[in-house]
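The structure displayed is predicted, hence computed values, not measured ones.
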Amino acid sequence: MLESHKEIIKQRAVVADDWSVLRLAAADPDAGVAADAPDAVVVPQGKVIVPLAVWQAQRATLASRTEIGVWLAPDERAEALKGELDKFALVAIDFPKFTDGRGYSTAFNLRMRMDYQGELRAIGDVLRDQLFQMQRCGFDAFATRPDRNIHDALKGLTDFSEVYQASVDVKAPLFRRHERDVRIDSTDVGYGI
């Protein structure tokens, strides 16, 4: 099943979205419907973000496409894409529920440990309240829930004017950035934490 959004937030602006997200159908034993098999599902032409399982099963045919993206579920690790990140126009991380925060760690790992520089998109149950922290972890695009006003959600990126902790967007904590007459030793074990 393909999902698409008319608009997303990208680089702090509301823009038209021409990507579709491919979701595998889940099994429904009561209706006699089997789950989609990652190696058998047909990936349509165009800009499509496929699940990691589909990428892994159909890598040989999908690798030649220039407009392909991959999305990770909360229980999938970014390391599964090690050495292949340059093949994707974008990487998305799914938030099936507002309360599931594992995607924040995945985003941080992609940016800081795997040095991913491309578009990193949050998909699924993405709400205004999450956007500021998602941005701090490395997300630069957000496909918000369709039942919410995207222009209101955009305001969530500017909810706070200052941050205390170091992260992807600000490398040093506030106490290290605050100007004072104290020498900062960059060999300090806690520097930047």
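The shortest side-chain heavy-atom distance between Q135 and I9 does not fall under the 4.5 Å cut-off. Under the 4.5 Å side-chain criterion, counting only non-hydrogen atoms from C-beta, R176 is not in contact with K171. At least one side-chain heavy atom of R65 sits less than 4.5 Å from a side-chain heavy atom of Q45. Looking at P38 and P51, their side chains never come closer than 4.5 Å, going by heavy atoms from C-beta outward. Using a 4.5 Å cut-off on side-chain heavy atoms (C-beta onward), E3 and I123 make no contact.
Under the 3.5 Å distance criterion, the side-chain polar atoms of W71 are matched with a main-chain donor or acceptor of L22. The closest donor-acceptor contact from the side chain of H5 to the backbone of P146 lies at 3.5 Å or more, if one exists at all. Side chain of S20 to backbone of L2: no donor-acceptor contact under 3.5 angstrom is found. The main-chain N or O of A57 is never found under 3.5 Å from a side-chain atom of D39 such that the two would form a donor-acceptor pair.
Within a 6.0 Å radius of NZ in K47, other residues, nucleotides and ligands contribute more than 12 heavy atoms.
Contact record, Y116 with F88: OH-O, 4.3 Å, taken as the closest heavy-atom pair. A pairwise comparison of heavy atoms in A78 and T106 identifies CB-CG2, 4.0 Å as the closest pair. Heavy-atom minimum distance, A141 versus I8: CB-CD1, 4.4 Å. Taking both residues in full, the closest heavy atoms of D125 and R145 are given as OD1-CD, 2.6 Å, listed atom of the first, atom of the second, then distance. Contact detail for A13 and L154: the closest heavy-atom pair is N-CD1, 4.0 Å. In terms of heavy-atom proximity, A122 sits nearest to F139 at N-CD2, 3.5 Å.
A single hydrophobic cluster is seen to contain both V48 and L85, as judged by linkage of ILVMFWY side chains at heavy-atom distances under 4.5 Å, directly or through other members. Residues I93 and V168 are members of separate hydrophobic clusters, defined by side-chain heavy-atom contacts under 4.5 angstrom among Ile, Leu, Val, Met, Phe, Trp and Tyr. Hydrophobic clustering (ILVMFWY, side-chain heavy atoms < 4.5 Å, transitive): V50 and V21 are in distinct clusters. Using a 4.5 Å cut-off between side-chain heavy atoms of Ile, Leu, Val, Met, Phe, Trp and Tyr, with links allowed through other members, L110 and L90 fall into different hydrophobic clusters. Hydrophobic clustering (side-chain heavy atoms under 4.5 Å, transitive across Ile, Leu, Val, Met, Phe, Trp, Tyr) groups V14 together with L157.
Screening residues 50-61 for side chain to side chain donor-acceptor pair (under 3.5 Å) gives W55-E84, R59-E84 as the qualifying pairs, with residues at least two apart or on separate chains.
Partners of R111 according to the side chain to side chain donor-acceptor pair (under 3.5 Å) rule, which considers only residues two or more places apart in sequence or in another chain, are D140. For the ring pair (Phe, Tyr, Trp, His ring centres under 6.0 Å) test, no residue two or more places apart in sequence or in another chain qualifies with F142.
Summarising the geometry, atom CZ belonging to R77 is positioned 11.0 Å from atom NZ belonging to K82; distances are rounded to the nearest 0.5 Å. To the nearest 0.5 Å, atom OG1 of residue T144 and atom NE2 of residue H151 are 9.5 Å apart. Summarising the geometry, atom CZ belonging to F108 is positioned 10.0 Å from atom CZ belonging to R136; distances are rounded to the nearest 0.5 Å. With rounding to the nearest 0.5 angstrom, the NZ atom of K155 is 13.0 Å from the CG atom of L131. We find the CG-CE distance between L81 and M114 to be 6.0 Å, quoted to the nearest 0.5 Å.
Ion pairing between D159 and R128 holds under the 4.0 Å rule for side-chain N and carboxylate O.
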### Message
For a side chain to side chain contact (heavy atoms under 4.5 Å, CB included) check, start with the C-alpha distance between E67 and D18, then their side-chain angles and the critical distance, and finish with the verdict.
### Response
CA-CA 11 Å; E67 295 183 330; D18 51 357; over 6 Å; no
### Task
Could you give me the CA-CA distance, side-chain angles and deciding distance for V70 and K87, then say whether side chain to side chain contact (heavy atoms under 4.5 Å, CB included) is met?
CA-CA 10 Å; V70 67; K87 293 178 173 52; over 6 Å; no
